[in-house]
Amino acid sequence: MSYFAFSPGLPAGLFDSILEYPSVSVLHSSSTPTNGPSTVRLGDGPSTVRLGDGPSTISLAASASASALPTYSPPQLPPSNDYTNFSGAETLVSRDPPSDLPLLVKDKPPQIPNLAADDSLHASVCADIAARLALHPAISADIPPSKILQGFLASFLECYYRHHPFIHLPTLSTPSTPAPLILAMCCIGALYRLDRRRAQRLYAIATLSIAEDVRLFTKTSEDCPLWKDLATSVMDENGFYTLLYGKVRLALAAENADVTKMTWTSWVLRESWKRLLAGIYVASTVHVIIWDANPNFNTCRDLELEVLHDESFWNAKTAGEWRELRANQPQQDYRTMRDGLASIMSETAGAGAAAATKGDSPTGRDGKVVERRLSPLTALLLMHAVVVHMWQVVQVAQALSPASLSLGHDPVSALLMRTAVRSLARCHELLVVAQGETAGEPGHEEGTSQIFNCQATLRMAYIRLFSLSNGPFNRPSLITLDPAAIKSYVSTFAITKAERSPQRLDAVVKAFDGLRTPVRMGHMLVRKTAALRWSPAHAIAGWDCALFVCTWVHSVEMDQLNDIEPSPAELELLATIADVLEEAEYDTGKSKSLAAGVARTWSWLLQDVWVWSITPRMGSVLEQMATAFERLNNESRRPGH
């Protein structure tokens with residue numbers, strides 16, 4: 001598709017060449033980004049960030065009045081480790097006792113540039129759209145004026161890009177940035193400004209302008225027919241991106257590039273493709289959670305992709321700055337994402353990776369314990385891969401024991417459960433260490449860090465392990481407009497009983513952190529600001545965790561009414577839940593159902609997130625669940641209870 005040309009100096013006919021499988025030439029360019037001043041210019045007016053020189057430069061100038069949002073400063077944590085500096089660009093921690101887990105590069109707050117959109121950019125976008133939609137010449141008149149686009153771009157960068165840095169801003173320039181990409185960025189920014197009317201129109205224009213490119217791509221792909229008459233365009237897009245992911249991944253592998261010998265131009269281009277694939281992988285996992293769909297990708301072949309480089313490389317503004325960082329940076333410790341995932345999830349693989357990287361044993365040639373590194377963005381992708389892995393584990397268990405509704409009821413599934421739980425514990429340890437070392441750092445904001453996003457994603461991985469017994473709620477019901485259908489689905493979900501086990505209890509504890517964290521931060525503040533500061537993944541994880549936790553709490557309460565008492569550990573969690581609800585100012589006296597309190601409190605958080613249309617609907621469903629839990633609780637109580 002023509003809008004893939006967001007990297008510097010891509011050759012003409014890029015989209016045609018990618019159709020040749022696997023076209024190595026697609027991934028190369030002879031042009032070199034300009035080593036000019038670090039200001040971006042998208043037009044001829046005043047600007048603050050320059051993205052290149054010459055007649056091909058365009059300018060995206062920033063809104064000087066970018067809104068200042070309230071921030072939360074987490075409590076200072078006592079220092080627990082020493083720091084080791086590499087090149088001054090990244091900081092790692094040394095651990096005592098040593099661990100075979102990798103270290104995460106410190107998650108520093110990104111430096112978001114101010115981009116400005118002036119009349120020159122507006123004219124360029126309108127001309128590009130008019131050329132793409134020659135049969136619909138009047139459509140370009142629907143593009144908002146430059147001042148409006150400027151505000152949308154500022155919101156995109158401040159609220160969204162910090163969580164998903166898949167576009168290389170230092171080398172963004174007009175000739176290689178077609179109008180559909182600019183409109184997509186503006187569309188997301190418009191959502192953050194709650195300008196739904198313009199967001200919808202921008203989305204429609206951008207989608208229509210690339211429709212022919214999509215048709216040509218799918219028509220010339222001989223692997224398999226993609227397009228089916230599906231219920232939503234989202235599923236259609238999944239098919240397209242699955243095909244694209246495979247072709248680009250194989251093209252990158254066929255290059256067999258030596259990173260140490262790359263120019264800045266070729267590195268930016270290669271890293272841009274890798275980050276595009278990472279974004280596609282993450283989006284696929286999000287669809288698994290929202291729609292209860294099957295994953296589009298696996299954790300083996302599809303992760304045969306080079307690990308992402310650190311953000312200090314990605315944010316370098318000039319070739320000279322990039323070369324200096326590369327000269328002082330140690331070599332990447334993992335060849336592929338698959339290697340990184342294995343070292344996180346398996347003790348054996350972790351020790352083996354260390355040995356393969358630094359020598360014949362988990363200690364290096366100098367006798368020191370090997371400390372392997374992953375960037376926070378790489379860790380985020382790997383946490384999504386963990387979600388997919390847990391989904392696959394459950395599928396294997398179900399195939400081997402079709403009659404079982406949960407893991408652990410037969411020897412094979414019990415072994416799978418033990419292994420999966422150990423892997424999740426290692427992931428949890430990795431993030432706890434990284435979070436503890438980052439908290440309290442200057443400029444650190446918990447809600448915007450990639451480690452914070454990783455934690456939300458890991459909660460979804462815990463829940464996938466119990467997906468067989470997690471209730472028959474019809475998640476695609478969110479797209480229905482029939483209140484009677486939603487009510488029926490909610491009623492069915494409310495009478496579903498969750499199994500109680502130590503493993504599930506641990507997963508519920510982890511999932512409940514999704515509510516305890518915003519309450520600890522200040523639930524009213526989070527309700528009003530999280531949509532603008534936190535990653536969209538937190539809303540999706542909140543929905544997933546709410547369904548999981550509510551089912552468990554309601555099951556325990558129903559058992560109590562039948563004289564089946566909770567264990568001491570379960571009682572401790574129930575007490576914690578009650579304390580959190582009280583802190584969130586939920587009046588537990590009006591309802592004897594703790595599950596209803598959890599559902600209703602979580603619904604408040606989701607119903608205040610109006611940036612994404614689906615989240616208020618999630619909140620509305622949880623509100624109806626709270627009512628159903630209260631009704632069942634009252635109906636089940638005997639006199640004296």
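Residues Ile205 and Asp142 meet the side-chain proximity criterion, which asks for heavy atoms closer than 4.5 Å. In this structure, the side chains of Leu308 and Trp314 stay at 4.5 Å or more apart for every pair of heavy atoms. At a threshold of 4.5 Å between non-hydrogen side-chain atoms, the residues Arg464 and Val388 do not count as touching. Between Val288 and Asp292 there is no side-chain heavy-atom pair separated by less than 4.5 Å. Using a 4.5 Å heavy-atom cutoff, the side chains of Arg533 and Cys159 are not in contact. Side-chain contact between Ile167 and Met185 is present, with heavy atoms from C-beta onward closer than 4.5 Å. Looking at heavy atoms from C-beta onward, Phe452 lies in side-chain contact with Trp534 at the 4.5 angstrom threshold. Taking 4.5 Å as the limit, every side-chain heavy atom of Leu605 sits out of range of all side-chain heavy atoms of Thr615.
Shortest non-hydrogen contact noted between Leu325 and Ser312 is CD1-O, 3.2 Å. Between Arg132 and Pro180 the shortest heavy-atom distance is NE-CD, 3.6 Å. Of all the heavy atoms in Thr378 and Leu374, the pair that sits closest is CG2-CD2, 3.8 Å. The two atoms that bring Val105 and Pro376 nearest to each other are O-CG, 3.2 Å, heavy atoms only. Scanning both residues, Asn315 and Pro170, for their nearest heavy atoms gives O-CG, 4.2 Å. The minimum heavy-atom distance linking Ala546 with Leu622 is given by the pair CB-CD1, 3.8 Å.
Rounded to the nearest 0.5 Å, atoms CD1 (Ile540) and CE (Met618) are 4.0 Å apart. Distance CE/Met337 to CD/Glu306: 9.0 Å, rounded to 0.5 Å. Once rounded to the nearest 0.5 Å, the distance linking CD1 of Ile139 with CG of Leu208 reads 5.0 Å. Rounding to the nearest 0.5 Å places CG of Leu157 at 6.5 Å from CG of Leu153. The SG atom of Cys126 lies 9.0 Å from the CG atom of Leu121; values are rounded to the nearest 0.5 Å. Rounded to the nearest 0.5 angstrom, Leu194 CG and Leu532 CG are separated by 7.5 Å.
A distance-only check finds a donor-acceptor pair linking the side chain of Asp128 to the backbone of Ala179 [under 3.5 Å]. Using modelled atom types, no side-chain atom of Ser620 and backbone atom of Arg617 make a donor-acceptor pair closer than 3.5 Å. Using a distance-only test at 3.5 Å, with no hydrogens or angles considered, no donor-acceptor pair links the side chain of His287 to the main chain of Asn296. For the pair Ser209 (side chain) and Ala206 (backbone), a donor-acceptor distance under 3.5 Å is present. Checking side-chain atoms of Ser266 against main-chain N and O of Thr263 turns up a donor-acceptor pair under 3.5 Å. Under the 3.5 Å distance criterion, the side-chain polar atoms of Thr207 are matched with a main-chain donor or acceptor of Tyr203. Judged by distance alone, the side chain of Thr517 and the main-chain N or O of Asp513 form a donor-acceptor pair under 3.5 Å. No donor-acceptor distance shorter than 3.5 angstrom exists from the side chain of Gln435 to the backbone of Ile451, with no hydrogens or angles considered. A donor-acceptor contact shorter than 3.5 Å links the side chain of Thr457 to the backbone of Asn453. A donor-acceptor pair under 3.5 Å links the side-chain atoms of Ser272 to the main chain of Val268, judged by distance alone.
Ion pairing between Asp118 and Lys147 fails under the 4.0 Å rule for side-chain N and carboxylate O.
Checked against ring pair (Phe, Tyr, Trp, His ring centres under 6.0 Å), Phe297 has the following partners two or more places apart in sequence or in another chain: Tyr245, Tyr281. Here Ala511 pairs with Ile463, Cys545, Phe548, Val549 under the side-chain contact (heavy atoms from CB on, under 4.5 Å) rule; sequence neighbours left out. Among residues two or more places apart in sequence or in another chain, the side chain to side chain donor-acceptor pair (under 3.5 Å) test is passed with Glu271 by Lys274, Arg275, His309. Taking His384 as the reference, nothing meets the ring pair (Phe, Tyr, Trp, His ring centres under 6.0 Å) condition, with sequence neighbours excluded. Taking the salt bridge (Lys or Arg N to Asp or Glu O under 4.0 Å) definition, one finds that Lys528 meets it with Asp608, sequence neighbours left out. Not a single side chain to side chain donor-acceptor pair (under 3.5 Å) links Glu321 to another residue, sequence neighbours left out. For Asn294, the side-chain contact (heavy atoms from CB on, under 4.5 Å) partners at least two apart in sequence or on another chain are Trp391. Annotation: salt bridge (Lys or Arg N to Asp or Glu O under 4.0 Å) contacts of Arg198 (sequence neighbours excluded): Asp195. Scanning for side-chain contact (heavy atoms from CB on, under 4.5 Å) contacts around Ala379 gives Leu104, Cys454, with sequence neighbours left out. For Ser155, the side chain to side chain donor-acceptor pair (under 3.5 Å) partners are Arg193, not counting sequence neighbours. Not a single side chain to side chain donor-acceptor pair (under 3.5 Å) links Thr285 to another residue, sequence neighbours left out. Applying the ring pair (Phe, Tyr, Trp, His ring centres under 6.0 Å) test to Tyr160 and every residue at least two apart in sequence or in another chain returns Phe156, His164.
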Which is it for Cys427 and Leu431 under the side chain to side chain contact (heavy atoms under 4.5 Å, CB included) test, yes or no, and what are the steps along the way?
-> CA-CA 6 Å; Cys427 295; Leu431 299 182; 5.7 Å; no
Passes side chain to side chain contact (heavy atoms under 4.5 Å, CB included), Ile290 versus Val286? Steps please.
-> CA-CA 6 Å; Ile290 296 178; Val286 169; 3.7 Å; yes
Go through the steps for Asp119 and Ser146 under the test side-chain hydrogen bond (donor to acceptor under 3.5 Å, both in side chains), then give the verdict.
-> CA-CA 6 Å; Asp119 292 340; Ser146 56; 2.9 Å; yes
Run the side chain to side chain contact (heavy atoms under 4.5 Å, CB included) check on Met625 and Val621 step by step: do they pass?
-> CA-CA 6 Å; Met625 284 183 181; Val621 170; 3.9 Å; yes
Could you please spell out the steps behind the side chain to side chain contact (heavy atoms under 4.5 Å, CB included) verdict for Asp544 and Arg459?
-> CA-CA 9 Å; Asp544 200 32; Arg459 292 182 201 122; over 6 Å; no
Derivation of the side-chain hydrogen bond (donor to acceptor under 3.5 Å, both in side chains) call for His538 and Ser535 = CA-CA 6 Å; His538 287 275; Ser535 166; 5.5 Å; no
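Side-chain polar atoms of Glu585 and His523 form a donor-acceptor pair below 3.5 angstrom.
The aromatic rings of Phe313 and Trp322 sit perpendicular, their planes meeting at an angle over 60°, well past the 30° parallel limit.
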